[in-house]
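Numbers here are sequence positions counted from 1.
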Amino acid sequence: MALTQQEFQVIFFKPEGSIDLEGGKALSEQMAGVVPQAHQLWIIDLTEVNFMDSSGLVPLVKGLKAARQSGCRLVLCNVQAPVRLILELTQLDTVFEIFDTYQDIFTTVKDNTLVLAG
């Protein structure tokens with residue numbers, strides 16, 4: 001059986017500071033500006049996010065729902081400890097694909113049906 005690779009369009013989001021009510025609105029607006037499509041990989045890099053509250057979870061969950069409905073893949077990477085804690089407390093760490101680094105996204109294949117051309 002031959003393994004085929006498909007080109008994916010990477011859409012990169014890099015919020016900064018706090019993802020609270022205000023920061024969440026900004027992230028929602030950014031994500032709303034892109035229509036998720038099956039050939040896309042949405043990466044939300046949380047390197048610069050040092051705080052997230054429950055209102056900040058809303059754009060992440062909405063984005064994930066929109067992505068999944070379109071066959072798009074949405075992943076999180078570089079999640080800082082305070083944000084990871086919120087994801088763990090809400091058990092969203094089991095819902096989102098979370099990678100330690102940006103590079104890990106392209107070297108780790110979680111299921112055999114998806115191979116990213118890198």
Side-chain angles (χ1 to χ4, degrees):
M1 183 168 126
L3 187 63
T4 59
Q5 289 192 341
Q6 182 178 355
E7 265 318 301
F8 280 83
Q9 178 185 14
V10 176
I11 308 295
F12 196 73
F13 300 96
K14 191 167 184 177
E16 296 179 0
S18 298
I19 301 183
D20 48 16
L21 186 59
E22 186 177 317
K25 283 182 184 177
L27 181 57
S28 286
E29 289 171 7
Q30 284 181 346
M31 293 172 74
V34 181
V35 177
Q37 298 175 14
H39 66 278
Q40 292 175 336
L41 168 64
W42 285 16
I43 299 173
I44 302 177
D45 184 344
L46 298 173
T47 303
E48 301 296 322
V49 176
N50 53 19
F51 175 80
M52 179 184 294
D53 63 14
S54 58
S55 60
L57 293 172
V58 173
L60 293 181
V61 173
K62 281 185 176 179
L64 182 63
K65 182 179 177 184
R68 284 186 175 170
Q69 288 175 341
S70 302
C72 173
R73 183 178 179 196
L74 184 147
V75 301
L76 307 178
C77 70
N78 297 315
V79 180
Q80 303 305 306
V83 175
R84 186 174 290 268
L85 180 62
I86 294 295
L87 293 171
E88 290 171 358
L89 289 172
T90 57
Q91 297 185 345
L92 287 172
D93 62 321
T94 62
V95 175
F96 285 96
E97 287 185 80
I98 302 174
F99 294 89
D100 290 333
T101 67
Y102 177 76
Q103 292 78 17
D104 288 347
I105 297 166
F106 297 97
T107 58
T108 304
V109 178
K110 287 207 165 193
D111 63 62
N112 294 329
T113 62
L114 180 62
V115 177
L116 298 176

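Nearest heavy atom pair, residue Ser28 against residue Pro59, reads OG-CB, 3.1 Å. Closest non-hydrogen pair, Val35 versus Gln40, comes out as O-OE1, 3.2 Å.
Gln80 has its side chain out of reach of Val49: every pair of non-hydrogen atoms, C-beta onward, lies at least 4.5 Å apart. Inter-residue side-chain proximity for Val10 and Ile105 is flagged as unmet; no heavy-atom pair is nearer than 4.5 Å. Side-chain contact between Asp53 and Phe51: present, with at least one pair of heavy atoms (C-beta onward) separated by less than 4.5 Å. Contact check for Leu92 versus Leu60: no side-chain heavy atoms found under the 4.5 Å cut-off. Leu87 has its side chain out of reach of Thr94: every pair of non-hydrogen atoms, C-beta onward, lies at least 4.5 Å apart.
Here CZ of Phe99 is found 9.0 Å from SG of Cys77. Values are rounded to the nearest 0.5 Å. In this structure, the separation between CG on Leu76 and CG on Asp100 is 12.0 Å, given to the nearest 0.5 Å. Here the CG atom belonging to Asp45 is positioned 9.5 Å from the OG1 atom belonging to Thr101, to the nearest 0.5 angstrom. Annotation: the span from Asp20 atom CG to Ser54 atom OG amounts to 10.0 Å, rounded to 0.5 Å. Distance check, rounded to the nearest 0.5 Å: CZ of Phe13 to CG of Leu27 gives 7.5 Å. Remark: Ile44 CD1 to Met31 CE distance equals 4.0 Å, nearest 0.5 Å.
In the displayed structure, Glu88 atom CD is contacted under 6.0 Å by more than 12 heavy atoms of other residues, nucleotides or ligands.
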Stepwise, does the side chain to side chain contact (heavy atoms under 4.5 Å, CB included) test hold for Phe96 with Leu74? CA-CA 8 Å; Phe96 285 96; Leu74 184 147; 3.8 Å; yes
